[in-house]
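Notes for the one structure printed next.
No hydrogens, no waters, no symmetry mates; every other heavy atom, side chains included, goes into these values. Below, chains carry the letters A, B, ... as their sequence lines are ordered, and counting in each starts from 1.
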Amino acid sequence: MSEVLVLVDHVDGAVKKPTYELLTIAARLGEPSAVYIGGAEKADAVAGAVSRYGAQKVYVVDDAEIKGYLVAPKAEALQQLVERTSPAAVLLPSSLEGKEVAARLAIKIESGLITDAVDVRAGDGGPVTTQSVFAGSYSVTAKVTRGTPIITVKPNSAAPEEAEGAATVEPVTVTVSDAAKGAQIVASQPRQASGRPELTEAAIVVSGGRGTGGDFQGVEGLADALGAAVGASRAAVDSGWKPHTFQVGQTGKTVSPQLYVANGISGAIQHRAGMQTSKTIVAVNKDDEAPIFELVDFGVVGDLHAVLPAATEQINARK
Amino acid sequence: MNIVVCVKHVPDSTADRHFEDDLTVDRVGVDGLLSELDEYAVEQALQLKEKAGDDTTVTALCVGPEKAVDAVRKALQMGVDKGVLVSDEAIAGSDYIATSLVLAKAVEKIGAESRVDLVMCGMASTDAAGSVVPAMLAERLGLPQVTMASVVEAQGDQVRIKRDGDAATEVVGATMPLVMSVTDQSGEARYPSFKGIMAAKKKPMATYSLADLGVDPGQVGLSVAWTVVEDATARPPRSAGEIVKDEDGSGATALTEFLAAKKFI
Ligand SMILES: Cc1cc2nc3c(=O)[nH]c(=O)nc-3n(C[C@H](O)[C@H](O)[C@H](O)COP(=O)(O)OP(=O)(O)OC[C@H]3O[C@@H](n4cnc5c(N)ncnc54)[C@H](O)[C@@H]3O)c2cc1C
Ligand SMILES: Nc1ncnc2c1ncn2[C@@H]1O[C@H](COP(=O)(O)O)[C@@H](O)[C@H]1O
C-alpha cells in the first residue's frame with residue numbers, strides 16, 4: 001500500500017485535532033505517514049500523539065532554519081519528501097498556512113490541488129473529494145487527474161478514529177533555498193489561550209452579532225454551559241467587541257460544528273458562508289423576519305439578553 | 001514603482017450562482033462584477049501609489065471572459081492607471097493551476113519594459129474562495145509572498161505587513177519584488193467618483209490573447225485541468241425548523257428542551 005503524507009498541524013509540537021482527522025482520512029487512501037516540520041526535540045512527543053491515530057511513519061523535518069519564514073520553505077521540504085516517498089496523496093489542513101504550502105507544492109510537483117474538502121474517500125482513480133461551494137449552497141465532488149493528489153481538508157471533516165500505528169521516527173534533512181527565505185516573520189504574538197475550545201475545531205459554537213449591543217456575557221455564559229467556542233459576526237468585530245480571530249464567515253473562519261447558535265445575528269450571505277454547513281443550527285433573534293431563521297433547526301424570536309441567561313441557568317441546573 | 005493588482009470578475013454572490021452542463025461555473029449567463037474582496041487590493045495599491053507620491057503605475061489585471069472587462073473598468077474608475085484583460089476561448093474552465101500560469105505570464109509581459117515590483121491580490125475570490133492563487137503566482141514568478149495582510153507598510157523597496165496567522169498575529173517583512181494579498185481588514189475601498197468614472201474612459205486598456213502571452217492553449221482550459229469536478233448538486237434547502245416566540249421565559253425553556261432532546265446537554 002502506498003504512503004499518504006499528512007502535514008502535522010501543531011503549535012510548538014503540541015499536535016492539533018485536525019491532524020488526527022487527516023490521519024483518519026489518510027487511512028482510507030493508503031498508509032498514513034505524518035510529516036512533522038518543527039523542533040526536533042518535540043519529535044518523540046509528536047510521534048506518541050500520532051501513533052494513536054494510525055501513523056506508521058513520522059518524518060521529522062527540523063525547522064531550526066526555516067521557522068522564521070512564511071510558507072515557502074515548508075513547500076520545499078514537502079516537495080523533497082514527495083520525491084523521496086512517491087505518496088498516493090498529500091493531505092494538509094485547510095489553514096492559511098496549509099493552503100498556501102499546498103499551492104506552492106502543487107506548482108512545484110506539477111500536481112492538481114483541491115482545497116477545503118469536507119470529505120475524502122477512496123475512488124477508482126484516486127481520492128474523491130467533496131467540497132461545499134457558493135456559500136454552502138452546492139456540494140461538489142472532484143478528483144485530481146494529474147500528479148500526486150494534493151488535498152487540503154477543513155477541520156471537523158472526519159471523526160478521528162483511534163488506530164495503533166508504529167509511528168517510526170525518520171529524521172529527514174532537507175535543503176532550503178535562499179529564495180524561499182524571502183518573507184521573514186519579524187514579530188509574532190501567539191494568541192492568548194481563552195480556556196475555550198478553538199473556534200474551527202469546536203463541536204459547538206455560540207456566536208454573537210450586532211444584536212448583543214456589545215454585551216457578550218449572555219453569549220459567553222451559554223458557550224461555557226455548553227462547553228462551546230465563542231464566535232462573532234463581522235458587525236461585532238468591526239465594532240471592536242471581539243478580535244477578528246473570532247469572526248465567522250466569508251472573511252473570517254469557516255466552522256462546521258455539530259451545533260451552531262447564532263445570537264443577534266441577521267444571517268447575511270457572508271456570515272452564512274462560514275457556518276451554513278453546521279449540522280444543527282439554532283438562532284435567537286428579536287426580529288422574526290431575520291434571514292437566519294431560514295436556516296435554523298430551532299429558533300427563538302426574542303431578546304437575547306433575556307433568553308440567553310435564562311437558558312444558561314436551566315442548562316446548568318440540568319447538568 | 002510598478003504595481004499590478006489582480007482583479008477577478010465573479011458571479012454576483014447575492015444572486016443565483018450555478019454550474020454549466022460541463023460543471024464549470026456559469027460566468028457568462030449570470031450577473032458578474034469585480035470580486036468584492038479584490039476592491040481591497042485595488043485600494044491598498046492606490047494608497048501605496050499615493051504615499052509614494054512618485055510616478056508609480058498601477059495596472060489592473062484580470063483573466064476571464066470578455067465581459068470580465070467590467071471588473072477592469074471598475075478598477076480604472078477607482079483610480080488605477082491601466083487595465084489588462086486576458087481573454088481567450090481556450091481559458092474557459094481553467095483551474096487554479098492554469099489561471100495562475102496565465103496571470104504569471106501576463107505579469108511578465110507587463111513587466112517586460114519595467115520590472116513589476118509588487119503583485120497585489122485579494123485574500124480570496126468570492127466564487128472559488130481558494131486563497132491559493134497568490135501563493136501559486138509567487139511560486140511561478142519565483143517571488144516571496146506576504147499574504148493576508150491587514151496592515152500594509154512600504155518604505156522604498158521594503159515591505160512590512162501585519163496578519164492574523166493561524167496561531168499568532170505576525171509582522172512579516174520582505175523586499176520587493178513580491179506578491180501580496182490583503183484582507184477586508186485592511187481598510188474600506190473607495191467608491192469611484194464621478195471624475196474617476198469619466199477619467200476611466202480615457203485610460204489605456206489592453207486585451208491579450210494567449211498567443212500574445214506566448215502561452216500554448218493546450219496548457220489551459222477545462223480539458224487539461226489537473227482537477228476535475230465529477231458532480232455538483234444543489235444542497236437541499238434546510239427543512240423548515242421549529243420557531244417559537246419568547247413569552248415570559250418560555251423561549252429559554254423551549255431552547256433548553258431542544259438542546260437536551262438533541263443531546264447537547
Ligand atoms: C466583503 C465583505 C465580507 C464580509 N465578511 C463577513 C464575515 O466573514 N462574517 C460576517 O458575519 N459578516 C461578514 N460581512 C458582513 C455582512 O454582510 C453583515 O453585515 C454582517 O454579517 C452583519 O452582522 P450582524 O448579523 O451581527 O448584524 P445585523 O445585520 O445588524 O443584524 C443584527 C441582528 O440582531 C438582531 N437583534 C438586535 N437586537 C437584538 C436583541 N436584543 N436580541 C436578539 N436579537 C437582536 C436584529 O434583529 C438583527 O437581525 C461581510 C461583508 C462584506 C462586504
Ligand atoms: N481570474 C483571475 N483574474 C485576476 N485575478 C485573479 C483571478 N483568479 C484569482 N485572482 C487573484 O487571486 C486572488 C485569490 O483568488 P483565489 O485563490 O481564487 O481565492 C483573488 O483575490 C485575485 O486577486
For residues [X] and [Y], report the shortest heavy-atom separation together with the two atoms involved.
X         : Y         : result
Ala183(A) : Ala174(B) : CA-CB, 4.2 Å
Tyr138(A) : His18(B)  : OH-CB, 3.4 Å
Val244(B) : Phe298(A) : CG2-CZ, 3.9 Å
Arg104(A) : Ala138(B) : NH2-CB, 3.0 Å
Gly251(B) : Val307(A) : C-CG1, 4.4 Å

Of the backbone (N, CA, C, O) and the side chain (C-beta and beyond), which part of [X] lies under 4.5 Å from a heavy atom of chain A, both, or neither?
X         : value
Thr253(B) : both
Leu259(B) : side chain
Ala128(B) : neither
Met123(B) : side chain
Phe258(B) : side chain
Asp95(B)  : neither
Leu37(B)  : side chain
Ala129(B) : backbone
Ser131(B) : both

Count the heavy-atom pairs under 4.5 Å between each of [options] and chain A, then report the option with the highest count.
options                                    : value
Glu139(B), Arg140(B), Arg160(B), Glu170(B) : Glu139(B)
Gly165(B), Gly249(B), Gly142(B)            : Gly165(B)
Lys245(B), Gln185(B), Met148(B), Glu247(B) : Gln185(B)
Val229(B), Val132(B), Leu101(B), Val228(B) : Val228(B)
Val171(B), Asp127(B), Leu143(B), Thr183(B) : Val171(B)
Thr147(B), Val224(B), Thr175(B)            : Thr147(B)

Just wondering, more than 12 heavy atoms not from [X] lying within 6.0 Å of its [atom1]?
X         : atom1 : result
Lys162(B) : NZ    : no
Gln158(B) : CD    : yes
Arg190(B) : CZ    : yes
Glu153(B) : CD    : no
Arg121(A) : CZ    : no
Asp12(A)  : CG    : no
Asp216(B) : CG    : yes
Glu108(B) : CD    : yes

Where on [X] is there a heavy atom nearer than 4.5 Å to chain B: the side chain, the backbone, both, or neither?
X         : value
Val11(A)  : side chain
Leu96(A)  : both
Val186(A) : both
Asp238(A) : side chain
Ser111(A) : backbone

Top contributor to chain B contacts, counting heavy-atom pairs under 4.5 Å, from Ala310(A), Gly302(A), Ala103(A):
Ala103(A)
For the candidates Ile281(A), Thr129(A), Asp303(A), which exhibits the highest count of non-hydrogen atom pairs separated by less than 4.5 Å from chain B?
Ile281(A)
Does Val296(A) form a side-chain contact (heavy atoms from CB on, under 4.5 Å) with Glu242(B)? I'd like the steps, not just the answer.
CA-CA 8 Å; Val296(A) 300; Glu242(B) 185 192 350; over 6 Å; no
Point-to-point distance, once rounded to the nearest 0.5 Å, from [atom1] of [X] to [atom2] of [Y]:
X         : Y         : atom1 : atom2 : result
His244(A) : Asp184(B) : NE2   : CG    : 5.5 Å
Ile114(A) : Thr227(B) : CD1   : OG1   : 6.0 Å
Asp297(A) : Ile243(B) : CG    : CD1   : 10.5 Å

Main-chain N/O of [Y] paired with [X] side-chain donor or acceptor, under 3.5 Å:
X         : Y         : value
Lys99(A)  : Gly130(B) : yes
Asp166(B) : Glu97(A)  : yes
Thr169(B) : Pro190(A) : no

Under 3.5 Å side-chain donor-acceptor pair for Arg235(B) and Gln276(A):
no
Side chains of Thr245(A) and Asp164(B): any donor to acceptor distance under 3.5 Å?
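Asp164(B) vs Thr245(A): no donor-acceptor pair found between side chains.
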Between Lys286(A) and Asp246(B), is there a side-chain N and carboxylate O pair less than 4.0 Å apart?
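Here Lys286(A) does not pair with Asp246(B) in a salt bridge, since their nearest N and O are not under 4.0 Å apart.
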Before giving the answer on side-chain hydrogen bond (donor to acceptor under 3.5 Å, both in side chains), spell out for Thr126(B) and Gln250(A) the whole-Å C-alpha distance, their side-chain angles and the decisive distance to 0.1 Å.
CA-CA 8 Å; Thr126(B) 56; Gln250(A) 183 191 39; 5.0 Å; no
Assess whether side-chain contact (heavy atoms from CB on, under 4.5 Å) is satisfied between Trp226(B) and Leu113(A), documenting all intermediate values.
CA-CA 8 Å; Trp226(B) 297 358; Leu113(A) 164 66; over 6 Å; no
